[in-house]
Chemist: 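The structure is given below, and queries will be raised subsequently.
The chains referred to below are lettered A, B, ... by the order of the sequence lines, with proteins before strands, and numbering in each begins at 1. Small disclaimer: the values here were computed from a predicted structure and weren't measured.
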Amino acid sequence: MLTIEMDNFDLGQICRSGQCFRMDQIGDDRYRVIAGDKYLELTQERGIVNFFCPEEDFIFFWIRYFDLDCDYSEYINMINPRDKYLTAAGEMGSGIRILQQDLWEMIISFLISQQNNITRIKKCIENISREFGVRKTSSTGAEYYAFPTAEALALATEEQLRECNLGYRAKYVLDTARKVCFGDISLNSLHDMTYKAARKELLGLYGVGEKVADCICLFGLHQLDAFPVDTHIRQALDAHYKRGFPNRRYKGCRGVMQQYIFYYELMK
DNA sequence: CAACAGGGGACAC
DNA sequence: GTGTCCCCTGTT
């Protein structure tokens, strides 16, 4: 077990913010995360966070995953004090982090997310992981299924994916898995692109529209300027930013502000 | 039982 | 850019 003390870090907020569909609260202060083929349980009391994993995984995986090298008070302090709405949102979600999740996992997860609610998205992802992912045992002895690889999903049939409750999204997932396998799109190269270029590339995938592309950029490529606009954000923007969101001021971290707004709308 | 909405997107005009 | 269909599933 590893213990750290961390500011602007709240597992409950991160969990509820809904960026990770495989993060769950499993006890009063205890959470579980499955990311790629990795498993982690962790607890938090105030600023003290306990990671139940080998030190190696913490250093080479979870630090990056939870963006622990980044001081989020800098984002909070960037908020215009005269913007009462965003100030309140930042206070409510001050412990949120933009997780650095796996690109492939984000592409599939947000393909599934369209016209869908979080409970069902989670079920769908557990279903495809159970069907097509590798069964593993964590260092703490927990059994879980890794997120399925592109190769595994490319070999699936649309019917099998529909049985995982994906509905009409099954064909999107299948098409994308095959494109990745055949090299029609290089996931590695997306990491080297600008936000604009990566977004454009992602929009070429069947089933990926602007909102989904921005979610993938934000959570899978850590492009912090990506600003996904869903129905909730749309309503918030219409209500509080009738002359448009101050994009100039928050250039480079618009996605962080989006998360504060999204969480605030969810929780207030 | 029917209606409806849930973190959209494709496609045709 | 607007409208229409998609036709999924859980909830009301």
Chemist: Where the side chain of A:Glu74 meets the backbone of A:Asp71, is there a donor-acceptor pair that is under 3.5 Å apart?
Modeler: no
Chemist: Under the rule for side-chain contact (heavy atoms from CB on, under 4.5 Å), what residues qualify as partners of A:Phe61, not counting sequence neighbours?
Modeler: A:Ala35, A:Lys38, A:Tyr65
Chemist: Quick one: side-chain hydrogen bond (donor to acceptor under 3.5 Å, both in side chains) partners of A:Asn165, sequence neighbours excluded?
Modeler: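 In terms of side-chain hydrogen bond (donor to acceptor under 3.5 Å, both in side chains), with neighbours along the sequence ignored, A:Asn165 is linked to no residue.
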Chemist: Would you measure the distance from the P atom in C:dT4 across to the matching atom in B:dG7 and give it in whole Å?
Modeler: 24 Å
Chemist: Supply the members, apart from A:Phe182, of the Ile/Leu/Val/Met/Phe/Trp/Tyr cluster built from side-chain contacts under 4.5 Å; use none for a lone residue.
Modeler: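 Once heavy-atom contacts under 4.5 Å are chained together, A:Phe182 still belongs with nothing else.
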Chemist: Going 5' to 3' along nucleotides 4-13 of chain B, which nucleotides have protein heavy atoms under 4.0 Å from the base (write B), which only from the sugar-phosphate (write S), and which from neither (write -)?
Modeler: --BBBSS---
Chemist: Using the side-chain contact (heavy atoms from CB on, under 4.5 Å) criterion, which residues pair with A:Ala154? Sequence neighbours excluded.
Modeler: A:Ala177, A:Arg178, A:Cys181
Chemist: What's touching nucleotides 2-4 of chain C from the protein side, N or O pairs under 3.5 Å?
Modeler:
none

Chemist: Taking B:dG6 as the reference, what is the distance to C:dC7 when you measure between their C1' atoms (whole Å, please)?
Modeler: 14 Å
Chemist: So, using side-chain contact (heavy atoms from CB on, under 4.5 Å) as the criterion, who are the partners of A:Thr231 when residues are at least two apart?
Modeler: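 So A:Thr231 forms no side-chain contact (heavy atoms from CB on, under 4.5 Å) with any residue.
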Chemist: Check side-chain hydrogen bond (donor to acceptor under 3.5 Å, both in side chains) between A:Lys179 and all other residues, then give those that pass, not counting sequence neighbours.
Modeler: A:Asp175
Chemist: Going by the rule side-chain contact (heavy atoms from CB on, under 4.5 Å), which residues pair with A:Glu210 if we only count those two or more places apart in sequence or in a different chain?
Modeler: A:Arg199, A:Leu203
Chemist: Among pairs that include at least one residue of residues 196-219 of chain A, which meet ring-ring contact (aromatic ring centres under 6.0 Å, His included), considering only residues two or more places apart or in two chains?
Modeler: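 Matches after skipping sequence neighbours: A:Phe110-A:Phe219, A:Tyr172-A:Tyr206.
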Chemist: Hey, where does DNA chain B pair up into stems, meaning at least three consecutive Watson-Crick or G-U pairs with distances under 3.5 Å?
Modeler: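 Looking at DNA chain B, the stems formed by three or more consecutive pairs are B:2-6 with C:8-12, B:8-13 with C:1-6.
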Chemist: Please report the distance, rounded to the nearest Å, between NZ in A:Lys123 and C1' in C:dC8.
Modeler: 14 Å
Chemist: If you look only at distance, which donor and acceptor atoms sit under 3.5 Å apart when one is on a side chain in residues 43-52 of chain A and the other is two or more places apart or in another chain?
Modeler:
from: A:Thr43; atom 1: OG1; to: A:Asn50; atom 2: OD1; distance (Å): 3.1
from: A:Gln44; atom 1: OE1; to: A:Leu11; atom 2: N; distance (Å): 2.8
from: A:Gln44; atom 1: NE2; to: A:Phe9; atom 2: O; distance (Å): 2.7
from: A:Gln44; atom 1: NE2; to: A:Arg46; atom 2: O; distance (Å): 2.9
from: A:Asn50; atom 1: ND2; to: A:Thr3; atom 2: OG1; distance (Å): 2.6

Chemist: Could you work out the separation of B:dC4 and C:dC6 based on their C1' atoms and round it to a whole Å?
Modeler: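 Rounded to whole Å, the distance is 15 Å.
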